[in-house]
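Here the structure is laid out as structure tokens; the discussion comes afterwards.
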Amino acid sequence: MSKQYDPSGIEEKWQNRWRKEKVFEVIPEKQKTKFYCLEMYPYPSATLHMGHLRNYVLGDCLARFKRAQGYNVLYPMGYDAFGLPAENAAIKHGINPKEWTLNNIKKIKRQQQRMGLSYDWSRQIQTCDEEYYRWNQWIFLKFLEKGLAYQKEAWVNWCPKCGTVLANEQVVNDRCWRCSHRVERKKLTQWFFRIRNYADDLLNDLDELNWPERVKEMQKNWIGRSEGAEIKFKVKGSREEVSIFTTRADTLYGATFLTFAPEHPLVERWVKGTRFEEGWKELLALSQKKDMVEKEKKGLFIGKHALHPITMEEIPIWIGSFVLYEYGGGAVMGVPAHDQRDFEFAKQNDLPIKLVIQPFEHKLDEGRLTRAFTEEGYLVNSGEFNDLPSKEGTAKITKKLEELGKGKKAVDYKLKDWLISRQRYWGTPIPIVYCEGCGVVPVPEKDLPVTLPKDVEFTGSGNPLETSKSWVETTCPKCGGKARRETDTMDTFVDSSWYFLRYCSPHQKNSLVDKSDAKYWMPVDQYIGGIEHAVMHLLYSRFFAKAMRDFGLIEVEEPFSKLLCQGMVKNLTPFCPQCNRFLHSSEVSNNLCSSCGGEIQMRSVAMSKSLGNIVEPEKLITKYGADTARFFTLFASNPESDFEWSESGIESIFRLMKKIYELLTFRPRECRTSWDPYDDWLNFRLHQTIKQVTESIDQLKLRDALNYLNELINSLNSYREVKPNKKLFGEISKDLLLMLSPIVPHLCEEVWEQNGSGEFISLERWPTYDKKIIKEETKWDMLESLIEDIKEILKITKMRPKRINLIVGLPWKYEFFSKLRELLETTKTQQVIMKTLMKEQELRKHGKEISGLLKKVIDKPSLLSSRALSREDEFDFLEKAKDILTKQFGVQTEVIIEEESTQAKAKQALPRRPAILIE
RNA sequence: GCAGGGGUAGCCAAGCCAGGUCAAAGGCGCAGGAUUGAGGGUCCUGUUCCGUAGGGAUUCGCGAGUUCAAAUCUCGUCCCCUGCACCA
């Protein structure tokens with residue numbers, strides 16, 4: 001006799017067995033098709049949160065499913081172990097960052113293991129290992145050699161709170177992506193990766209990716225490709241030329257001024273020591289504070305003029321707080337008539353407005369413009385280009401400029417090169433030394449890794465690396481002279497841009513990845529993670545893959561073929577409508593808001609520490625067990641939708657677990673060996689469920705899959721009570737168990753063992769369905785609607801049935817339906833249909849009835865189901881299925897044919913809809 | 001402003017790509033019944049309205065259109081979410 005369901009005992013037992021017997025370790029096997037399933041590796045904070053849980057359960061379920069389908073599945077886990085929290089812990093509590101990190105990894109790994117995740121732990125990596133980050137350095141050197149890494153002085157984003165610079169991607173609404181502190185601008189010499197070289201590839205290859213549309217869209221926007229022209233303006237009274245970028249070269253003749261970004265290096269030169277210097281400084285300060293610019297669009301004439309490249313007219317040079325230094329060369333031509341921003345600028349500063357494009361439909365009056373006309377039209381006031389439509393004008397003017405040597409077609413991107421320097425300790429040292437004699441010298445490959453020193457002080461100000469004299473002071477690898485090490489470390493996004501490659505051969509000593517391993521495993525077939533990395537990690541990784549392909553290191557150029565971004569995890573949280581914000585539970589007393597005294601509402605919002613609405617996965621596991629937590633996370637919503645936490649939800653799943661356990665371990669009270677129609681039905685339900693579940697998991701609709709399984713569980717549960725066929729009951733139980741095993745693996749292993757089925761259910765094959773049985777769907781559907789109909793009649797008439805008679809219609813009805821189906825392909829006209837039908841002798845006899853039926857069918861086309869049975873099949877099937885009805889309703893059921901019935905109701909019989917007569 | 005994704009019964013949510021088998025799966029909630037000493041749990045039934053025979057009426061944000069037939073296709077419109085946003 002079986003025991004009670006005891007998750008904690010079961011789960012630990014199987015987790016240990018999996019580990020001991022290395023059940024989930026894999027090696028490349030050429031003859032087997034691989035499947036690489038990967039979740040975004042976590043930053044190792046000490047506790048797992050629900051977002052992680054959801055992420056991993058999705059991946060694990062898929063990995064187990066694919067394994068069962070016979071794929072060789074690579075499913076690894078590792079830790080994004082560098083980064084600020086460790087360093088901050090060092091500053092605050094004096095803990096060594098490495099110790100702190102490794103300790104956290106231990107804790108989080110323990111929690112992951114309690115979830116029963118089927119990782120190949122032998123492949124675990126952590127990016128703070130020397131053996132890992134040496135390859136960051138190797139990549140850096142490779143990039144340097146290929147011109148993909150370079151150093152330059154630039155205006156960069158600086159987060160004062162983190163004490164480091166940030167890449168463009170890491171600035172969100174002028175704030176640091178990590179700590180949300182307002183970002184400042186600084187001019188610094190920093191290291192960059194030339195991701196812009198791959199801008200077009202990164203953009204074009206998006207098309208072939210099986211990624212969520214919004215992620216692709218975000219990357220597209222981020223790359224921000226725009227086609228236009230670069231136009232050179234001569235500066236009056238000097239030999240200098242300035243370049244500007246425009247997408248509207250057709251409006252060139254309308255340019256009445258140039259506007260420069262205050263940061264532009266030329267501007268600084270021009271205004272130094274002039275009366276404009278003060279004003280320039282003010283504007284410069286203004287444009288550093290990005291938020292302010294929204295409100296203030298200030299400009300300043302700086303006493304210089306440029307010469308229009310074609311007309312040679314003089315136009316004034318201004319600086320403007322709104323001009324972005326980072327884009328289009330940091331200068332624009334001002335065309336007030338055709339650009340709204342320029343229009344406002346011109347109005348504000350009394351600059352001339354020159355109309356050069358007229359709309360196609362009507363005519364604008366230059367003197368009376370109230371806003372810019374930004375659409376296409378035809379050119380006016382544009383010399384030889386007059387009367388051309390905008391598009392053509394653009395092309396012709398660009399061509400002319402090219403002939404004059406004053407411009408050319410050009411493409412610009414919003415995407416900036418990736419700034420990778422970070423002024424922090426806990427990261428990969430950039431392998432560079434500064435030699436007094438030789439200058440900037442890369443550390444030779446043979447001297448890698450450059451490891452982090454231990455004798456550093458964490459004071460909370462400045463880069464701790466600078467405090468290690470023994471480390472900073474070194475010798476030049478070229479000349480042997482005195483040299484200083486680069487103290488900046490790399491952005492941790494460098495680590496995560498290739499970690500998925502390292503999993504392919506995690507213990508490889510002499511290279512970053514073994515080429516043949518990478519060839520076998522890459523690309524990642526299914527990548528799963530949060531949406532927050534849509535333009536950071538996911539863009540950088542694509543860039544790395546493309547660069548590494550160009551080095552010949554790997555063959556694929558897109559690392560992740562399929563991407564799933566799981567939705568948020570939400571919880572009901574107190575919300576104060578008066579204050580218009582969510583409240584921490586400590587801010588609520590007696591359902592009132594503690595700051596305004598107003599009544600609070602409960603609203604759903606993403607779980608976060610600051611709102612105190614977090615549910616800790618570990619507590620869930622302790623209370624209900626991992627299997628319940630797993631089932632619940634998958635069942636609460638489909639992966640891409642938001643997930644709503646619910647206490648009553650998880651309770652009901654826990655009860656379901658018990659039910660499943662008992663259903664599959666307690667033998668039915670009575671069984672039989674004979675086979676009856678009810679068995680056919682159950683068998684059909686089984687095959688149908690296998691099909692539905694398999695397809696749902698394939699499409700990652702896990703919630704739907706669970707729904708289907710739930711239905712089968714219910715069917716099997718009822719089946720158990722009615723003296724089931726022993727063999728079939730066993731089969732359904734077994735297949736059900738197999739289908740549940742990716743979701744609740746511990747429970748399934750336990751039942752599997754108790755039933756003596758074999759070693760590990762985790763290594764068993766996924767059940768398959770029989771297409772022939774699925775084809776019977778039409779019949780079973782007919783039976784189901786028959787049952788519904790009978791219930792309906794009983795409900796309406798409130799009868800106590802003694803007997804049910806099913807009457808199969810006359811042959812001509814079948815003929816009529818089948819003819820009609822054919823006819824409807826060619827015509828819809830009732831008259832024509834009627835005429836054609838009446839040509840048939842057999843049908844002619846029933847002309848009157850047919851004409852009535854025809855009306856009915858045209859009115860309700862669903863009567864004429866495309867899934868037809870022949871009269872004989874229908875009769876045979878009903879004859880067989882009547883036992884089911886007898887069981888269902890507890891009364892005798894008979895099937896007769898219309899010919900044999902004298903009942904008026906018999907006339908109602910139609911194909912697929914036998915007449916029902918309840919006595 | 002630009003772009004992407006949405007709006008389905010009390011709530012959550014599937015269906016839409018490939019129109020008919022859709023009064024529309026499943027879950028939650030609610031109601032009734034069976035079981036139980038009660039509660040809980042479990043099982044069954046119901047859950048737009050009307051109807052003592054499988055029917056009828058009205059429903060898939062709103063409005064139009066295509067079609068014999070629309071939750072599904074087309075157009076318009078309103079609302080919600082998400083991302084980007086002085087990008088020249």
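So that the names make sense, note that chain A is the first sequence line, chain B the second, and so on, each numbered from 1. Note that the structure is a prediction, hence the values are computed from the model and not measured.
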For A23(B), the Watson-Crick or wobble partner whose two distances fall under 3.5 Å: none
Length of the CD-C1' vector between E695(A) and A25(B), whole Å: 15 Å
R913(A) side-chain N/O to G54(B) phosphate OP1/OP2 under 4.0 Å: no
Sugar-phosphate only, base, or nothing, as touched by I244(A) at under 4.0 Å among non-hydrogen atoms: nothing
Nucleotide forming a Watson-Crick or wobble pair with A70(B), both distances under 3.5 Å: none
From U52(B), G54(B), A88(B), nucleotide with atom closest to R341(A) side chain: A88(B)
Atom-to-atom span, CD of E721(A) to P of U35(B) - whole angstrom: 16 Å
No-hydrogen, no-angle side-chain donor-acceptor test under 3.5 Å, S715(A) and R685(A): yes
Listed nucleotide nearest any side-chain atom of V172(A), set A88(B), C84(B), A53(B): C84(B)
Sugar-phosphate only, base, or nothing, as touched by V535(A) at under 4.0 Å among non-hydrogen atoms: nothing
Atom-pair distance (CH2 on W780(A); C1' on A25(B)), nearest Å: 20 Å
Touch class at under 4.0 angstrom, heavy-atom based, for R703(A) against every strand present: base
Sugar-phosphate only, base, or nothing, as touched by P914(A) at under 4.0 Å among non-hydrogen atoms: base
Pairing nucleotide - G51(B), Watson-Crick or G-U, each distance under 3.5 Å: none
Closest nucleotide among A88(B), A85(B), G27(B) to the N714(A) side chain: G27(B)
Selected nucleotide, minimal atom distance to K414(A) side chain, candidates A85(B), A53(B), A88(B): A85(B)
Length of the line joining F643(A):CZ and C28(B):P, which is rounded to integer Å: 15 Å
Separation of the C1' atoms in G20(B) and G33(B), to the nearest angstrom: 38 Å
Nucleotide opposite A18(B) in a Watson-Crick or G-U pair, distances under 3.5 Å: none
Euclidean distance, atom OH of residue Y661(A) to atom C1' of G41(B) [Å, nearest integer]: 19 Å
Salt-bridge present (D342(A), R248(A); N to O < 4.0 Å): no
For G1(B), the Watson-Crick or wobble counterpart (both distances under 3.5 Å): C84(B)
No-hydrogen, no-angle side-chain donor-acceptor test under 3.5 Å, Q4(A) and Y661(A): no
Nearest-nucleotide pick for D789(A), side chain only, options being G54(B), C84(B), A25(B): G54(B)
RNA chain B: 5'-proximal contact among I918(A) and D342(A) (nearest heavy atom): I918(A)
Per E792(A) side chain, nearest of listed nucleotides U52(B), G55(B), A14(B): G55(B)
Nucleotide of A88(B), A53(B), C43(B) approaching N717(A) most closely (side-chain heavy atoms): C43(B)
Rounded distance in Å between the C1' positions of G15(B) and C68(B): 23 Å
Under-4.0 Å salt bridge between E695(A) and K691(A): yes
Partner nucleotide, any strand, of U77(B) [Watson-Crick/G-U, under 3.5 Å]: G61(B)
Sugar-phosphate, base or nothing in reach of A915(A), heavy atoms under 4.0 Å: base
Closest-nucleotide ordering on RNA chain B, the 5'-leading residue of V332(A) and E919(A): E919(A)
Selected nucleotide, minimal atom distance to I796(A) side chain, candidates A14(B), U52(B), A88(B): U52(B)
Whole angstrom value for the distance that separates P of A88(B) from CZ of R225(A): 13 Å
Watson-Crick or G-U wobble partner of G10(B), both distances under 3.5 Å: C28(B)
Sub-4.5 Å side-chain heavy-atom contact between L783(A) and L878(A): no
Whole-angstrom distance between G56(B) and C62(B), as gauged at atom C1': 26 Å
U67(B) to G83(B) separation - C1' atoms, rounded to the nearest Å: 38 Å
Side-chain ion pair, E326(A) and K416(A), N-O less than 4.0 Å: no
Cation over ring face, K570(A) and W645(A), 6.0 Å, 45°: no
Nearest-Å distance once atom P is located in both A38(B) and C16(B): 47 Å
Pairwise C1' distance for C22(B) and A9(B), with rounding to whole Å: 13 Å
Sugar-phosphate only, base, or nothing, as touched by Q908(A) at under 4.0 Å among non-hydrogen atoms: base
Pairwise C1' distance for G6(B) and G54(B), with rounding to whole Å: 38 Å
Close N/O contacts between protein and nucleotides 1-8 of chain B (under 3.5 Å):
| unit_1 | atom_1 | unit_2 | atom_2 | d |
| --- | --- | --- | --- | --- |
| A3(B) | O2' | E217(A) | OE2 | 2.6 |

Cationic N near anionic O, under 4.0 Å, E898(A) to K905(A): no
Sugar-phosphate only, base, or nothing, as touched by K791(A) at under 4.0 Å among non-hydrogen atoms: sugar-phosphate
OP1 or OP2 of G46(B) under 4.0 Å from side-chain N/O of K795(A): no
From G51(B), A14(B), C44(B), nucleotide with atom closest to S641(A) side chain: A14(B)
Per I793(A) side chain, nearest of listed nucleotides C12(B), A53(B), G27(B): A53(B)
Complementary nucleotide of G41(B), counting Watson-Crick and G-U pairs under 3.5 Å: U35(B)
E874(A) with R912(A): basic N within carboxylate O range, under 4.0 Å: no
Phosphate OP1/OP2 of G41(B): any K659(A) side-chain N/O under 4.0 Å: no
Separation of A13(B) P from E640(A) CD (nearest whole Å): 14 Å
Stepwise side-chain contact (heavy atoms from CB on, under 4.5 Å) test for I884(A) and W780(A): CA-CA 11 Å; I884(A) 297 175; W780(A) 297 114; 3.9 Å; yes
Integer angstrom distance from the C1' of C87(B) to that of G5(B): 24 Å
Protein-nucleotide distance (Y5(A), atom OH; G41(B), atom C1'), rounded to Å: 17 Å
Salt-bridge present (E344(A), R371(A); N to O < 4.0 Å): no
Expected output: side-chain D412(A) to main-chain G328(A) donor-acceptor under 3.5 Å: yes
